[in-house]
Structure formats: C-alpha cells, structure tokens
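Computed from a predicted model, the values in this text were never measured in an experiment. Basis for what follows: all heavy atoms, side chains included, without hydrogens, waters or symmetry-related copies. Below, chain A is the first sequence line, B the second, and so on; all start at residue 1.
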There are 2 protein chains.
Amino acid sequence: MATEPGAGSGSRRPSLKDVAARAGVSRASASRVLGGYGYSSQDVVDRVMAAVRELGYEPDRVARTMRSGKSGVIGFVCADISDAFFSGAMRGICDVALREGAQVIVMNTDDKPGQERDATRVLLSHKVDGVIITPVSVREPAHIDAITGAGVPVVSLDRQLSDIGIDSVVADNEAATERAIHHLIGLGHRRIAFLGSVQREEPPVLRVGKVRANVVGPSRPSLDRARGYLRALTAAGLPVERELIAFAPHDAPDGRLEAVAGVLAAEPRPSALFTADSYMTRSAFSLLSERGIAIPGEMSLIGFDDLEWTTLVRPRISVVVQSAYDMGRAAADQLFAQIARPDATGTDATGTGAGRGDRTVVPTRFIERESAGAAP
Amino acid sequence: MATEPGAGSGSRRPSLKDVAARAGVSRASASRVLGGYGYSSQDVVDRVMAAVRELGYEPDRVARTMRSGKSGVIGFVCADISDAFFSGAMRGICDVALREGAQVIVMNTDDKPGQERDATRVLLSHKVDGVIITPVSVREPAHIDAITGAGVPVVSLDRQLSDIGIDSVVADNEAATERAIHHLIGLGHRRIAFLGSVQREEPPVLRVGKVRANVVGPSRPSLDRARGYLRALTAAGLPVERELIAFAPHDAPDGRLEAVAGVLAAEPRPSALFTADSYMTRSAFSLLSERGIAIPGEMSLIGFDDLEWTTLVRPRISVVVQSAYDMGRAAADQLFAQIARPDATGTDATGTGAGRGDRTVVPTRFIERESAGAAP
DNA sequence: CCCCAATCTGAGATCGATCTCACATTGGAG
DNA sequence: CTCCAATGTGAGATCGATCTCAGATTGGGG
C-alpha cells in the first residue's frame, strides 16, 4: 500500500541520503542496516527500515557499480538475436541471470569483426561482470583477449576458440553427426552428401580423407559436424568424395540452393543428404520439394537443428536436436561460476585471469521421423 | 596499431585522471578536450589526444551515467525473448539503439505481472533512458506509471494501454483482419471461424455482435483482430455465430487444439478458418493435417503472422504478415524521439512527463498463397 | 572504582567523469 | 599605458552507495 512514494511527492528517486535523513541517522548507519554489516542498534534498524518503506527506497545500481566495480550486468554478443538459435540461447542466459540477480545486455555482430570489437569495447565500458560470446573468428581472439585482459570472465558459446584459456559451451557436434551418418549407413546408404555453412571470411580448410580428431583447438559447428561425417564414412570404410561435400555462406540463400543443386548433380546421385544446420535443411527441403524428388523414396534427409516446421511438413524431418536454451543456460552457469570463483587473478601478466578453458559439451538427441528411409 | 594498451601494462582501465597525468594537464582540461566544450589551447589538445591514444583510454560509462543521469541504455520488457515475434522486434530495437549509440537490456516476464513489476524496478535502478514494453495487462498500468513517474520515457509495443499518455506501436490488426476476412467472403465463404489467443488472467470480454471501433483505449492484438473479424462479417451482412469464435490460452497447446476442434465440430462445419496468431495457425494446420481435411478443398485457412514454415508446407499458407522487426524499429524510433524531446517535464504532478500517447500503426501485408480457395 | 572490550555512530574518502567557478593570462582597443 | 574582453587553466564539488576509521558510549570483570 504505502510502498510507493506517491506520484506527486518529491522530484527524483529517493537516495540513501534521504532515507538516512528521514530516519534521523547518518548515511553510514543507514548503509550498515541495509548492507547488514557492522553494528546497529535495534532502534536504528527499525527507523531505517521504516524510512525505506515509506520512501520506497531502492538502491541505485549505477552508484553501486561505481563503488564496487561489479555491475550485475553481463553481455551477450551474438551474430543476430532474431536468429532462433541465439534467441533460444538468450532465454537460457536470461533465466540463469535472473536466478543470479543479474541483467543481460545484447549486442549483435552480424558476424562482422568490427562490430564484435565495438561490442566488447562498449560492454567493457559498462563494467559488465562477464561476457558470453559467439566469436566471429575462432582464430583471432584479439577482442576476447581484451576482455579477459580487463579481468572480465568470458564464455564462448557454440564456437570454441583456439586460445585454451577460454571456457566454451558447444553441442556434441562431431559425435552427433557421426551417429546420424551411421544411421544412414545402417539404412543402406552408400553415397551420402554433406551440406554445411561457413562464414565468408573463413573458408573451411577441410582436409578430405584426414579426420582431425583433436578436441582442443578452434572449432566451429559446421566443421565439427563435417568431421563427424568423415569419421562415420571412414569407420564404415566408405570413400569420401569431394563432390558430395559442399559449403555455402551462411547468409546467402542462393548460395545454399546452389550448393544443394551441386551435390544433387553428382554422378551417381547421392541417396541421402545430411544438412548441417537449419538453413541448409530448409534450402534442401525446398529444392527437393520444388524438383519433386520424393523423400525418403528417392532421397533421404537428416538435418541438424529442430525447428517447428520439421514436424509440420510431410514427411516430417528426422533431425539431430540441439537445445539452444540448454546451451545458453550452460554458458551462463559457466560464466557465473567464473564470476564467483575467488581465484580471479585479474590482470596480472602471467595468466589471462579468468577461465580455465573448460569445455562443456551439451548433449544432442537424434529424433527419428520419416525423412530417412532405406536406400533404394 | 598502438591503440591497445598492451596486455601486460597497468592493472586497471585507464581513467581520465591517468590521461590527464600523462598529458601533464588537469582532469578538467582533459575533460574539456574530450568533451569539446570550453577553451583549450592547441598544445593541450594535442597532448591529451596523444595520451588517450597511448593509453587506449575509453570513458567509463558508469561514471558518466552517475554524473549525467543518462545511461545510454534502454530496457526491453517482453514476455519471452525466444519467441520469434519478440526476438524479431528485439533486432529492430537493437539496430536503432546502435544508431543512437545506446545498448539494450532485455527482461522476460512470461506474461506474469510480478515479473513485469520486478523488471521495471530493476531497469529503473539501472537508470535506463527509456523502456519498450509489451505490458502484461493493458488495464492496470501501475508499473508503467512507476516508470513515467520517474520521468523515464516508455513505449508500449504490440499492445496499447488504456492510459492515453503512453506512446504505442501496434500493427493494423483490425483493418488487416477485416481485409483478410473480406477476402474469404469474396471467395464465397459464409461460415468463417475465428481462432485467437488470450492470456489466462484476462478473459476476452468480447461483445458478440457489437463492434467496438473506438481507437483509443486498451487493446490487445487478438481482440483487435477479433474486432476486424466482426466488422467484416457485419459489413457483409453475415451473422456472427458464437460457436465459430474460440479463444485459447496463449501458453497451452492442448487448449489451442481443443479450440480448433471446437469450431470444426460446429454444425454445419465452417468452410474457412482465420487464425489470429502464429500459434493458432500452427495448431490449426496440425489438426487439419492430422484429420486429413483438405486445404483449401474442404477448408480454407488464413493465418496472422508469417513464419518460414508457411512456405514449406503444402499448400503454402496465405497469411497476414506483420514485421516484428519493423515494429521493433518503430518502437525504438518513438522511444528515442521521446528521449530527445526537450519537453521532458519530468515528474511534475500535472502530466506524466514523457509521451503524448502517440499511436504508431505499422502496416501489414496480405500474402495470398494457396491455402484459401473458393467455398465448396 | 578503573579499565578494556564490545558495541554503536558519523565524518569523510572513494569510485570516474563532468561541470562550475575562480583565477590567470593574453590581446587589442581606447 | 590602461582596461576589458577573450581565452585558457585547474581546484573542487557533484552524482549515490559503501567502507574505513576515529571517536563515543556502554557494560562487565578485576
């Protein structure tokens, strides 16, 4: 009832000074009561609490940040918040932040290094307590160094940096893809195409025939999934054929369709497609529909990422599901663990400070529907 | 090149004091140079700029906020950022914020009044320069009053508050729906069902047969669309039948399916369905598919909201498209206009301060595909 | 009765940027 | 030469919360 100051009362928000004045004590005493430290007589406690209630006092987080250096805000730097993956992850991050009493500032990079650099700068100047980032480049973590260099914890989401000191959260891309391909092989498929996305700047130097299995090092989902594809083929003794593997820029719908058309043109035509992300799955499904290629009669299809439409179309699409929400949660959990960890070595020259390079792998699930059938 | 301070140099971020010391001037002089006000000799300007470059100085936004009261941060309070509408709007907001040099804090309410209240409180204590909100309740804008009462500009997104003093951005829900229904009527349909969503707390007191056309007042998309539906029927001289109108809670998939099944059970069965939001469209399409009811042969379907799957399924769904991105942009534009407006009367008792109750209507587009055909 | 510890309280410093104000310098006009 | 305006500069206050420290008051044990 009386918690609100009443619209017409004073001009600005009440400060601790106002509370102290109303309670007839010093700012220090009021602060002790609210902060719960030091000594306070019962009388002072009561008077201060009453004043707080009457004035509807709420501490100013900006002043608190000023003094403590901790803002209670974390940053989330992603390519595009309107993307389903990032907005799903964002929700997970927000939920954890809420639990921790923190807030989240979002920055979009559109996968542009310059925007990423600006974003990290701005976040730093806001004195964020930590940053969750999906780095544009996994090989040049200069901006990330700038963050850890300032003693601010960082967790990398969905991509893993070459720098070992950075915690990261990724899906089990390689193993999940290997299982999916194995499933197709089990259905009798011998010519299985792989379709993935890349960033423009960073062409995938994929060494066909050589499976790189080292866990540590830079990694991007599409490449890891490609590795899983190669592993599965190799394990089954199937040949790896260059013409069945195609990558297209992430942001070019036409390029994706070309890539799909490309592998469909291979001779003999593959009998199954594995699409390594939702954009590719969509493009592949579109093209197959358009050309009247029957799924799974003439072509089997398994995609990575579950989207609502995969159950609305016929046949429903078999997919490897990764939970963006869970990944966001995991990243935030990791971040707050770092923030809470006492060994915040800060900015000494020896170590980058926070982060031990922990790698959290969020499990995926294979959901079998009707788009993958026996090979003809 | 030399812009970065070098990882190992000092301990903490350089402050203006450090810049001043390095330049051999006072903090005041350094501040004048950076702030571009007052007088500064060329010599001092050069020395300060050099020091800024050498130290990689970047002003502390927290301290600046402290002093100026302006944080350069705005808040976005929505039900759930992982929802496609809100994440799309978020992107629009972020783009405008970037242009304005501002950042965005996101808060989820899950359409719970308590969470909304907490969110606004936290944002206020962060001294945000403005808030874009999709209010849980359009009838009890107490929390919003708390924001405007603090002199902080507010824009309501997608929903319109009864309080006239709040700017709002909405789609032209009523007119767009009226046109869509008119389209169905033109195709010969006489029994057209309407399926919408509601919040649990706020049952839709829809007066069947009475078209409330007043523009000012509280409004929620689903209700406005229902009004458009009623208008169209009335205008065509068609009867409004209670059994062809159904609402279901926004967050209950089963309830939606029941609602769809309900109108399908009407005797005689309607020949067309208008689904007032993407959730309903999805549920309706699912149920029709499941029951093998041919679209548009046996049942025509038009939905509100475009989602990628509406072009992937067969038949492709005819829809009324609203651009969440554009709405987000519009809301942010409106908000920054308010922030920039000089007549910020603040917290005087006469007016609520900012906002003139402007209502921005973002146009929608009707995309005709194959799901709406001639009545049987 | 004295003294020391425990308890209680407030003045003032601090975080960093910004702005006011008072106090120098110039220079040119009279 | 004088005077005033224009120009240049720095000391210090300010925003609000928090914490240190010194001082004050109480109580109980010796």
Exercise. Considering heavy-atom distances to DNA chain D, does S26(B) or R64(A) have its closest nucleotide positioned more toward the 5' end?
Worked result: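 That would be S26(B).
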
Exercise. Taking the nucleotide of DNA chain D with the closest heavy atom to each, which residue, S68(B) or G24(B), is nearer the 5' end?
Worked result: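 The residue closer to the strand's 5' end, by nearest nucleotide, is G24(B).
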
Looking at every strand, decide which applies to [X] at a 4.0 Å heavy-atom threshold: base, sugar-phosphate, or nothing.
{"X": "S40(A)", "value": "sugar-phosphate"}
{"X": "S41(A)", "value": "sugar-phosphate"}
{"X": "V44(A)", "value": "sugar-phosphate"}
{"X": "R67(A)", "value": "base"}

Problem set entry | Heavy-atom contact window of chain B on DNA chain D, given 5' to 3' at under 4.0 Å |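 It runs dT7(D) to dG16(D).
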
Exercise. Could you give the CZ-to-P distance, from R32(A) to dT9(C), as a whole number of Å?
Worked result: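 Checked: the CZ to P distance equals 7 Å.
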
Exercise. Which comes earlier along DNA chain C counting from the 5' end, the contact point of Y37(B) or that of V62(B), where each point is its nearest nucleotide?
Worked result: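 Here V62(B) is the residue nearer the 5' end.
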
Exercise. Are R91(B) and D80(A) close enough, and set up right, to give a side chain to side chain contact (heavy atoms under 4.5 Å, CB included), and what steps lead you there?
Worked result: CA-CA 7 Å; R91(B) 184 58 209 257; D80(A) 176 7; 3.0 Å; yes

Exercise. Side chains of V106(A) and M90(A): closer than 4.5 Å at any heavy-atom pair?
Worked result: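 In contact.
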
Problem set entry | Salt-bridge criterion met for D18(A) and R27(A) (N-O under 4.0 Å) |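 Salt bridge between D18(A) and R27(A), a charged N being under 4.0 Å from a carboxylate O: no.
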
Exercise. Can R99(B) and D95(B) be counted as an ion pair, charged N to O under 4.0 angstrom?
Worked result: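 So R99(B) does not pair with D95(B) through a salt bridge.
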
Exercise. What heavy-atom pair brings V154(B) and Q338(B) nearest, and what distance separates the two atoms?
Worked result: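 Result for this residue pair: O-NE2, 3.2 Å.
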
Exercise. Looking at V48(B), V52(B), V19(B), which hits side chain to side chain contact (heavy atoms under 4.5 Å, CB included) with V33(B)?
Worked result: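 Single side chain to side chain contact (heavy atoms under 4.5 Å, CB included) partner of V33(B) among V48(B), V52(B), V19(B): V48(B).
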
Exercise. Closer than 4.0 Å, any side-chain N/O of Y39(A) to the OP1 or OP2 of dT7(C)?
Worked result: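 Yes, because at least one side-chain N or O of Y39(A) sits under 4.0 Å from OP1 or OP2 of dT7(C).
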
